[in-house]
Amino acid sequence: MSDSVRVRFAPSPTGYLHIGGARTALFNWLYARHTGGRFILRIEDTDQARNTDAAVEVILSGLRWLGLDWNEGPETALASGPSRGDFGPYFQSQRGHRYQVRAAELKSGGHAYERDGALYFRMPREPITIPDQVVGDVVRPLTDREELDPDWVLIRSDGQPVFHFVNVVDDLEMGITDVIRGEDHLSNTAKHIALFRAFGVKPPRYAHIPLILNDDGSKMSKRNLGASLQHYIDNGYAPEAVLNYLCLLGWSPKDGQELFSISELVSRFELSAINRSNARFDLKKLDHVHFEQTRKMNADRFVQLGIEALRKGQVEIPADATATDPFVRAALLTVQEKGKLFSELPLWTDFYFKADDAIVCDAETQAKALPNLAAPILEALTKAFDGVPVFRSAALEATLKGLAVTLGVKAGALVQPCRAAVTGKLVGPSLYHLLEVLGREKVRRRLMAAIERVENESPGFSRQRA
RNA sequence: GACCCUAUCGUCCAGCGGUUAGGACAUCGCCCUUUCACGGCGGGGACACGGGUUCGAAUCCCGUUAGGGUCGCCA
């Protein structure tokens, strides 16, 4: 335990997981996995007012979504619930006794004293050097206001301990070896180091990582859409994409590689390669990483995430459909190469799961792809498809293109009417592949229905024109 | 007000005394193309500013400016 790495992520349950917090958790997790150490989750719920089980659940589920598993910490959102690890409790609200013991220790050692009903820490007056693995040695003298009264509160007059105190006590008692956290804590680290010394122990190693800013360079606050991890979950990003992108913000393997699998990240991640400057969050780049990660994802994984997305999007797939369901699987795999957000999948694949008579076009689609004169084209196409012996994409493509040549039109003149007829949309997966998945019968029924609709739009007209 | 951190294309990174300053995303043009995309080719685009040090600075030092952070009986 003495030399193996122990890191922790210690969020306060505020009701949401900040994207910067998620990255802090990620860096801690990567460092633990990279070094073969342990990743500990500790809930800093000392502020009774804001703490709720639901707020803790947001953190647990967010970390699980990202795939960041913890070796020690809570099993459930309940503060008094089960946990794993020998250094608990892992909720600060359950550690009141430890803080009292430690406060008494400081008091008897002459490091703390009472004033106005609160317990104060006797802060050293000299500058404190903070050795940091990211920014190097930082000398932190007292500020002008601190000069006036350098001591600070450990325990409030109402008996509640403050953050700086509980944070240090817990890090100390949980055997934390490396504190990896946001740079916003850098200045305050002097207080923490002073406390560790007062307890007579060596402080942990520190690594303060740069902050994530909005795309305009301003501070990312709860107000900003996109500051919450939930935003990316809700918008259909793949967890591996968010993970990958977050790493790119402030860390680089130096060789230009940008796309990583999680195991690659674990093996290549180095604290020493973390940048010193803040980074702006670039949604376009995240989109790109999602695109790449989604396309190279293995089929099972893609189908699994796809099914969840369809259910969430109210697409009526069989209730018992699993990732091995041949039709669901084949349908979803026609869109994997598109690299769309999972939240867009319902729009791109719902036609697979609709009844044939539920395929209808909106006015724009109708006008663009199914004008009156489309009826004869669709009729010819239906007939040509009837002659295809095996209803597979390659044969369908050859058939359609052959017909285009016969009719003296570009393939696109057949493709779009066909697409609109069988999917009701102007965009979607590769036509030939979606036809194959849909199958001969469904395609035929939908083509016939479309022909009928087109003709009914203006009876007698389309045939005359043809 | 004080203190701390930071500063390369619009954005994210590479560069760590000698480079035509490189890559990715974004953007623009062309090609390919069944939609949306992908892909291919090409273009524009940066060392914040001022002083030093040095034969020679994006790289080292100082200052200025700018951005961020901290100085709570918030976390």
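Sequence lines set the chain letters: A, B, ... in the order given, protein chains first and strands last, and positions in each chain run from 1.
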Q: Could you tell me the Watson-Crick or G-U partner of B:A26, where both distances fall under 3.5 Å? Say none if there is no partner.
A: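 When the pairing criteria are applied, nothing turns out to pair with B:A26, so the answer is none.
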
Q: Rounding to the closest angstrom, what is the interatomic distance between B:C38 and B:C49 at atom P?
A: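 Comparing P positions in B:C38 and B:C49 gives a spacing of 36 Å.
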
Q: Quick one: look up who B:A46 pairs with, Watson-Crick or G-U, both distances under 3.5 Å, and put none if it's unpaired.
A: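 When the pairing criteria are applied, nothing turns out to pair with B:A46, so the answer is none.
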
Q: Whole-Å distance between B:C12 P and A:Lys254 NZ?
A: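 Answer to the nearest Å: 15 Å.
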
Q: With a non-hydrogen cut-off below 4.0 angstrom, is A:Phe291 in contact with a base, only sugar-phosphate, or nothing?
A: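 The answer is sugar-phosphate, as A:Phe291 gets under 4.0 Å only of primed atoms, P, OP1 or OP2.
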
Q: Given that both distances must come in under 3.5 Å, which nucleotide forms a Watson-Crick or G-U wobble pair with B:A7?
A: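 B:U65 is the nucleotide pairing with B:A7.
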
Q: For B:C13 and A:Asn275 - does any side-chain N or O of the residue sit under 4.0 Å from the phosphate oxygens OP1/OP2?
A: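 For B:C13, OP1/OP2 do have a side-chain N/O of A:Asn275 under 4.0 Å.
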
Q: Could you check whether A:His290 and A:Glu240, counting side-chain N and O atoms only, form a donor-acceptor pair closer than 3.5 Å?
A: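 Per modelled atom types, A:Glu240 and A:His290 side chains form no pair under 3.5 Å.
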
Q: With sequence neighbours excluded, tell me which residues meet salt bridge (Lys or Arg N to Asp or Glu O under 4.0 Å) with A:Asp215.
A: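 Salt bridge (Lys or Arg N to Asp or Glu O under 4.0 Å) check on A:Asp215 returns nothing, list empty.
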
Q: Report all side-chain donor-acceptor pairs from residues 223-230 of chain A shorter than 3.5 Å, counting only partners two or more places apart or in another chain.
A:
{"residue": "A:Asn224", "atom": "OD1", "partner": "A:Asn214", "partner atom": "ND2", "Å": "3.1"}
{"residue": "A:Asn224", "atom": "OD1", "partner": "A:Ser221", "partner atom": "N", "Å": "2.8"}
{"residue": "A:Asn224", "atom": "OD1", "partner": "A:Ser221", "partner atom": "OG", "Å": "3.4"}
{"residue": "A:Ser228", "atom": "OG", "partner": "A:Gln230", "partner atom": "N", "Å": "3.1"}
{"residue": "A:Gln230", "atom": "NE2", "partner": "A:Asp234", "partner atom": "OD1", "Å": "2.9"}

Q: For residues 161-174 of chain A, which side-chain N or O atoms pair as donor and acceptor with protein atoms under 3.5 Å away, sequence neighbours left out?
A:
{"residue": "A:His164", "atom": "ND1", "partner": "A:His192", "partner atom": "NE2", "Å": "2.9"}
{"residue": "A:Asn167", "atom": "OD1", "partner": "A:Arg8", "partner atom": "NH2", "Å": "3.4"}
{"residue": "A:Asn167", "atom": "OD1", "partner": "A:Arg181", "partner atom": "NH2", "Å": "3.4"}
{"residue": "A:Asn167", "atom": "ND2", "partner": "A:Glu44", "partner atom": "OE2", "Å": "3.1"}
{"residue": "A:Asp170", "atom": "OD1", "partner": "A:Arg95", "partner atom": "NE", "Å": "2.6"}
{"residue": "A:Asp170", "atom": "OD1", "partner": "A:Arg95", "partner atom": "NH2", "Å": "3.3"}
{"residue": "A:Asp170", "atom": "OD1", "partner": "A:Tyr99", "partner atom": "OH", "Å": "3.1"}
{"residue": "A:Asp170", "atom": "OD2", "partner": "A:Gln92", "partner atom": "NE2", "Å": "2.8"}
{"residue": "A:Asp170", "atom": "OD2", "partner": "A:Tyr99", "partner atom": "OH", "Å": "2.8"}
{"residue": "A:Asp171", "atom": "OD1", "partner": "A:Arg8", "partner atom": "NE", "Å": "2.9"}
{"residue": "A:Asp171", "atom": "OD1", "partner": "A:Arg42", "partner atom": "NH1", "Å": "3.0"}
{"residue": "A:Asp171", "atom": "OD1", "partner": "A:Arg42", "partner atom": "NH2", "Å": "3.1"}
{"residue": "A:Asp171", "atom": "OD2", "partner": "A:Arg8", "partner atom": "NH2", "Å": "2.7"}
{"residue": "A:Glu173", "atom": "OE1", "partner": "A:Arg95", "partner atom": "NH2", "Å": "3.1"}
{"residue": "A:Glu173", "atom": "OE1", "partner": "A:Arg98", "partner atom": "NE", "Å": "2.9"}
{"residue": "A:Glu173", "atom": "OE2", "partner": "A:Arg98", "partner atom": "NE", "Å": "3.2"}
{"residue": "A:Glu173", "atom": "OE2", "partner": "A:Arg98", "partner atom": "NH2", "Å": "2.9"}
{"residue": "A:Glu173", "atom": "OE2", "partner": "A:Arg102", "partner atom": "NE", "Å": "2.7"}
{"residue": "A:Glu173", "atom": "OE2", "partner": "A:Arg102", "partner atom": "NH2", "Å": "3.3"}

Q: Can you list everything that forms a ring pair (Phe, Tyr, Trp, His ring centres under 6.0 Å) with A:Phe260? Sequence neighbours excluded, please.
A: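 With sequence neighbours excluded, A:Phe260 shows a ring pair (Phe, Tyr, Trp, His ring centres under 6.0 Å) to A:Trp251, given in chain and number order.
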
Q: Under a plain distance cut-off of 3.5 Å, with no hydrogens placed, do A:Tyr120 and A:Glu114 share a side-chain donor-acceptor pair?
A: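 There is no such pair between these side chains.
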
Q: Please enumerate all residues that pass ring pair (Phe, Tyr, Trp, His ring centres under 6.0 Å) together with A:Phe121, with sequence neighbours excluded.
A: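 So A:Phe121 forms a ring pair (Phe, Tyr, Trp, His ring centres under 6.0 Å) with A:Trp152.
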
Q: Applying salt bridge (Lys or Arg N to Asp or Glu O under 4.0 Å), name anything that partners A:Lys354, two or more places apart in sequence or on another chain.
A: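 Residues passing salt bridge (Lys or Arg N to Asp or Glu O under 4.0 Å) with A:Lys354: A:Asp350.
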
Q: Any residue in residues 417-426 of chain A with a heavy atom nearer than 4.0 angstrom to RNA chain B? Just list them by number, or reply none.
A: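 Within this stretch, A:Arg419, A:Leu426 sit under 4.0 Å of the strand.
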
Q: Across the strands shown, which category fits A:Gly250 at heavy-atom distances under 4.0 angstrom: base, sugar-phosphate, nothing?
A: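 Here A:Gly250 touches the backbone only, sparing every base.
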
Q: I need a per-nucleotide contact map over nucleotides 58-73 of chain B, read 5' to 3'. Cutoff is protein heavy atoms under 4.0 Å; write B for the base, S for backbone only, - otherwise.
A: ---------SSBSB-B

Q: Where each residue is assigned the nucleotide of RNA chain B containing its nearest heavy atom, which of A:Arg23 and A:Glu44 is assigned the position nearer the 5′ end?
A: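 Its nearest nucleotide lies further toward 5', so the answer is A:Arg23.
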
Q: Classify every nucleotide of nucleotides 23-28 of chain B by which part a protein heavy atom approaches to under 4.0 Å, writing B for the base, S for the sugar-phosphate alone and - for neither, in 5'-to-3' order.
A: BBSS--

Q: My understanding is that a pair needs two contacts under 3.5 Å, Watson-Crick or G-U wobble. By that rule, which nucleotide pairs with B:A2?
A: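 Pairing partner, where one exists within any strand: B:U70.
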
Q: Sequence neighbours left out, what pairs pass side-chain hydrogen bond (donor to acceptor under 3.5 Å, both in side chains) with at least one residue falling in residues 132-145 of chain A?
A: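 The answer is A:Asp132-A:His208, A:Gln133-A:Asp178, A:Arg140-A:Glu146, A:Thr143-A:Glu146.
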
Q: Is it true that A:Arg392 and A:Glu436 have a side-chain N and a carboxylate O under 4.0 angstrom from each other?
A: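 Yes, A:Arg392 and A:Glu436 are salt-bridged.
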
Q: When the P atoms of B:A48 and B:A57 are compared, how many Å lie between them, rounded to an integer?
A: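 Approximately 16 Å lies between the P atom of B:A57 and that of B:A48.
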
Q: Reckon A:Val139 touches a base, only the sugar-phosphate, or nothing at all at heavy-atom distances under 4.0 Å?
A: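 Sugar-phosphate only.
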
Q: Taking syn as any angle within 90 degrees of 0 and anti as the rest, which one fits B:C38?
A: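 Syn.
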
Q: Which residue, A:Asp215 or A:Phe163, contacts RNA chain B at a nucleotide closer to its 5' end, judged by nearest heavy atom?
A: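 The residue whose closest nucleotide sits nearer the 5' end is A:Asp215.
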
Q: Can you pull the salt bridge (charged side-chain N to carboxylate O under 4.0 Å, His left out) pairs that have at least one residue in residues 393-402 of chain A, sequence neighbours excluded?
A: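 The answer is A:Glu397-A:Lys401.
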
Q: Can you sort out the partners of A:Phe27 under ring pair (Phe, Tyr, Trp, His ring centres under 6.0 Å), two or more places apart, ordered by chain and number?
A: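 Partners of A:Phe27 under the ring pair (Phe, Tyr, Trp, His ring centres under 6.0 Å) test: A:Phe269.
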
